[in-house]
Amino acid sequence: MIKFENVSKVYESGFQAVKSLNFEIHEGELLVLIGPSGSGKSTTMKMINRINPHTTGRITINGKDITSYNVAELRRNIGYVIQQIGLFPHYTIEKNIAIVPQLKGWAEKDISSRVKELLELVGLDPEIHATRYPKELSGGQQQRVGIARALASNPDIILMDEPFSALDPLTREQLQAELITLHKKLKKTIVFVTHDIDEALKMGDRIAIMKDGDILQLDTPEKLLHEP
Ligand code: ADP
Ligand code: ADP
């Protein structure tokens with residue numbers, strides 16, 4: 001469980017991007033952060049892996065203050081998927097996925113079986129895709145690789161910042177459905193940022209609606225739709 005207590009973020013510019021947030025992300029849920037551009041969604045998400053350290057308040061994961069972790073150790077347990085994928089262009093798909101396991105010092109044969117397993121998990125064919133380079137894959141396939149890479153070291157938490165926004169509508173729908181299936185199977189805690197209400201309603205176990213650095217409402221899609 002991830003808990004925010006009176007958490008705010010003031011950037012170096014002096015701009016307060018996030019006000020005093022108090023909320024919890026349950027273990028194993030897919031929580032969507034939705035809101036207009038500039039409402040503080042990315043800032044909120046990036047405080048969890050300390051890409052964007054919070055200014056005041058406390059964030060805990062399973063009761064442990066995130067500031068008490070070594071940053072590398074914290075991030076090893078938190079997969080991160082962004083819109084611009086960020087695959088290394090001069091690495092093969094296999095090598096891109098293997099980065100974290102290699103850093104962790106796994107044996108080569110364990111790495112290659114893990115890569116194979118992950119490619120299958122995200123709907124790619126190891127025989128075909130493992131040895132290709134990112135530019136030889138479609139946008140949707142590259143985004144699948146991004147998800148596989150985020151899962152490589154088996155993190156408990158996955159942060160996804162508008163992961164499907166750059167994709168064409170059909171591919172996007174397909175990946176949404178696949179992520180829902182994957183989430184049911186792996187039972188990871190996922191925090192998913194989007195500004196698309198349909199995507200939020202489809203994907204979220206719960207949805208946090210953000211505006212001007214604050215969470216206006218946090219509830220299940222059913223409650224958000226059917227309660228005044
Ligand atoms: P969202 O993800 O909802 O679009 P962000 O969290 O990216 O919103 O940004 C929230 C607000 O903080 C915006 O007004 C944005 O301009 C501002 N902001 C984001 N990053 C920085 C930064 N590094 N320095 C100053 N202001 C920033
Ligand atoms: P956790 O301890 O949170 O499960 P690990 O990164 O230790 O995360 O493990 C991730 C997955 O990879 C697990 O399924 C584990 O069995 C496997 N694994 C971990 N370390 C190695 C290793 N050195 N070689 C092969 N597989 C490993």
Side-chain angles (χ1 to χ4, degrees), residues 2-26 29-61 65-67 69 71-72 74-75 78-87 139 142-143 146-147 149-150 155 157-169 172 175-176 179-180 183 188-221 223-225:
I2 308 168
K3 189 169 183 180
F4 282 64
E5 294 168 274
N6 303 315
V7 173
S8 75
K9 172 71 184 182
V10 180
Y11 281 109
E12 289 72 18
S13 63
F15 183 77
Q16 179 157 19
V18 166
K19 294 177 183 152
S20 184
L21 294 182
N22 285 287
F23 73 108
E24 289 174 18
I25 302 168
H26 303 154
E29 82 170 326
L30 195 162
L31 181 83
V32 170
L33 300 179
I34 191 170
S37 180
S39 56
K41 306 182 296 294
S42 292
T43 300
T44 300
M45 171 176 275
K46 288 189 284 198
M47 289 192 291
I48 299 170
N49 58 2
R50 295 191 65 70
I51 285 182
N52 236 332
H54 56 288
T55 312
T56 63
R58 205 163 90 103
I59 303 174
T60 54
I61 297 178
D65 195 316
I66 60 169
T67 60
Y69 287 89
V71 172
L74 177 76
R75 289 187 190 154
I78 304 180
Y80 189 44
V81 183
I82 55 172
Q83 185 182 331
Q84 313 304 22
I85 311 162
L87 299 178
Q142 290 184 41
Q143 203 53 280
I147 295 170
R149 186 178 56 183
I157 298 166
I158 303 163
L159 307 181
M160 307 185 90
D161 198 343
E162 308 225 18
F164 307 146
S165 297
L167 304 174
D168 65 86
R172 183 174 187 158
L175 282 190
Q176 287 168 343
L179 184 64
I180 292 170
H183 177 237
K188 307 268 180 203
T189 304
I190 301 180
V191 186
F192 188 102
V193 164
T194 183
H195 57 254
D196 181 321
I197 184 73
D198 291 332
E199 183 164 83
L201 291 170
K202 198 190 297 180
M203 312 279 308
D205 292 320
R206 291 192 307 155
I207 300 172
I209 302 176
M210 295 199 70
K211 188 164 184 274
D212 299 335
D214 215 349
I215 293 180
L216 300 185
Q217 205 176 346
L218 200 179
D219 233 322
T220 61
K223 288 210 171 133
L224 287 173
L225 283 175

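First listed ligand is number 1; within each ligand, the first listed atom is number 1.
Ligand 1 is surrounded by Y11, S13, F15, A17, P36, S37, G38, S39, G40, K41, S42, T43, each with at least one heavy atom closer than 4.0 Å.
Applying the side chain to side chain contact (heavy atoms under 4.5 Å, CB included) test to A17 and every residue at least two apart in sequence or in another chain returns Y11, F15, T43.
Among residue pairs with one or both ends in residues 29-56, those qualifying as salt bridge (Lys or Arg N to Asp or Glu O under 4.0 Å) are E29-R206; sequence neighbours excluded.
Nearest heavy atoms, I59 versus I2: CG2-CG2, 4.1 Å.
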### Query
Are L21 and D214 close enough, and set up right, to give a side-chain contact (heavy atoms from CB on, under 4.5 Å), and what steps lead you there?
CA-CA 7 Å; L21 294 182; D214 215 349; 4.1 Å; yes
Show me the side-chain donor-acceptor pairs of residues 195-204 shorter than 3.5 Å, one per line, residues at least two apart or across chains.
{"residue": "H195", "atom": "ND1", "partner": "E162", "partner atom": "OE1", "Å": "3.1"}
{"residue": "H195", "atom": "ND1", "partner": "E162", "partner atom": "OE2", "Å": "3.0"}
{"residue": "D196", "atom": "OD1", "partner": "D198", "partner atom": "N", "Å": "2.9"}
{"residue": "D196", "atom": "OD1", "partner": "E199", "partner atom": "N", "Å": "2.9"}
{"residue": "E199", "atom": "OE1", "partner": "R172", "partner atom": "NH2", "Å": "3.2"}
{"residue": "E199", "atom": "OE1", "partner": "T194", "partner atom": "OG1", "Å": "2.8"}
{"residue": "E199", "atom": "OE2", "partner": "R172", "partner atom": "NE", "Å": "3.0"}
{"residue": "E199", "atom": "OE2", "partner": "R172", "partner atom": "NH2", "Å": "3.3"}
{"residue": "E199", "atom": "OE2", "partner": "Q176", "partner atom": "NE2", "Å": "2.6"}
{"residue": "K202", "atom": "NZ", "partner": "Q176", "partner atom": "OE1", "Å": "2.6"}

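For the atom pair CD1 (I78) and OH (Y69), the distance works out to 8.5 Å, reported to the nearest 0.5 Å.
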